[in-house]
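For ligands, and for the atoms within them, numbers begin at 1 and follow the listed sequence. Because the structure is a prediction, the values reported are computed rather than measured.
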Amino acid sequence: MALLPILCYPDPRLHTVAKPVQDVDARIKALVADMLETMYDANGIGLAATQVDVHERLVVIDISEQRNQPLVLINPEITWASPDRQVSDEGCLSVPGIYDGVERSAAIKVTALDGEGRSRKLEAQGILAVCIQHEMDHLLGKVFVEYLSPLKRNRIKTKMLKARRETERA
Ligand code: K1U
Ligand code: ZN
């Protein structure tokens with residue numbers, strides 16, 4: 001297993017649209033293991049393959065307190081989204097230190113393959129629904145800051161670029 005580097009906003013690779021996974025083979029299983037290790041190490045509750053510069057439709061999630069209930073969604077599709085929407089504070093491992101409110105469907109139904117390539121259906125609400133929608137946005141090349149105002153987004157971009165320059169200089 002290995003820790004994978006996480007792309008940081010505004011890296012243009014975060015805007016790549018992911019392609020479907022063709023086969024849940026040994027390469028994908030190794031990627032799932034590495035992504036879970038990377039997500040747990042970063043104290044995240046989710047991670048999309050896009051964030052580790054792999055442009056295939058795969059996300060990992062774990063919203064459990066004990067960090068022992070991994071959820072692997074391969075080629076996820078939202079089959080139903082509730083018309084009622086709610087605003088929740090979101091963060092992103094690709095935009096460290098930034099949290100802001102985003103409006104999304106309060107409940108969703110999703111189909112996907114699991115880490116063994118088996119078909120799964122699930123219904124989600126609360127933080128799980130928020131996290132799945134956030135991760136699926138990554139697969140479409142969308143970062144949550146794109147829901148914020150241009151003013152906020154530009155401030156975040158400037159802050160991230162400054163932090164990157166300071167890291168490079170150190
Ligand atoms: O996609 C990511 O970068 C992971 C992201 C998932 C996420 C968190 C909160 C709302 C929507 C999506 C994170 O894990 S950010 C860091 C984090 O652990 C966290 C932040 C806010 C609430 C709970 C957890
Ligand atoms: Zn994110």
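Annotation: side chain of Pro10 is not in contact with side chain of Arg153 (no heavy-atom distance under 4.5 Å). The closest side-chain heavy-atom distance from Lys159 to Ile98 is below 4.5 Å.
Under a cut-off of 6.0 angstrom, the local environment of CZ in Arg155 is sparse, with at most 12 non-hydrogen atoms contributed by other residues, nucleotides or ligands. Shown here is Glu146, whose CD atom has more than 12 heavy atoms of other residues, nucleotides or ligands within 6.0 Å.
The number of protein N/O/S atoms found under 2.8 Å from the Zn ion (ligand 2) is 3.
Across all non-hydrogen atoms, the minimal contact from Tyr9 to Val143 is CD1-CG1, 4.1 Å.
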Show every donor-acceptor pair shorter than 3.5 Å between a side-chain atom in residues 84-94 and any protein atom, with sequence neighbours excluded, or say none if there are none.
from, atom 1, to, atom 2, distance (Å)
Asp84, OD1, Ser82, OG, 3.3
Arg85, NE, Glu103, OE2, 2.9
Arg85, NH2, Glu103, O, 3.3
Asp89, OD1, Gly101, N, 3.2
Glu90, OE1, Arg104, NH2, 3.1
Glu90, OE1, His134, ND1, 2.8
Glu90, OE2, Arg104, NE, 2.6
Ser94, OG, Leu7, O, 2.8
Ser94, OG, Gln51, NE2, 3.1

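To the nearest 0.5 Å, the span separating CG on Leu14 from NZ on Lys142 amounts to 14.0 Å. Put simply, CG on Asp53 and CG on Leu4 are 10.5 Å apart, with the number rounded to the nearest 0.5 Å.
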Do any nitrogen or oxygen atoms of ligand 1 lie under 3.5 Å from a protein nitrogen or oxygen, and which ones?
from, atom 1, to, atom 2, distance (Å)
ligand 1, 1 (O), Gln51, OE1, 3.3
ligand 1, 1 (O), His134, NE2, 3.1
ligand 1, 1 (O), Glu135, OE1, 3.1
ligand 1, 1 (O), Glu135, OE2, 2.7
ligand 1, 1 (O), His138, NE2, 3.4
ligand 1, 3 (O), Gln51, NE2, 2.8
ligand 1, 3 (O), Leu93, N, 2.6
ligand 1, 14 (O), Ile45, N, 2.8
ligand 1, 18 (O), Asn43, O, 2.9

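Residues satisfying the side chain to side chain donor-acceptor pair (under 3.5 Å) test with Asp62, not counting sequence neighbours, are Tyr40, Ser64.
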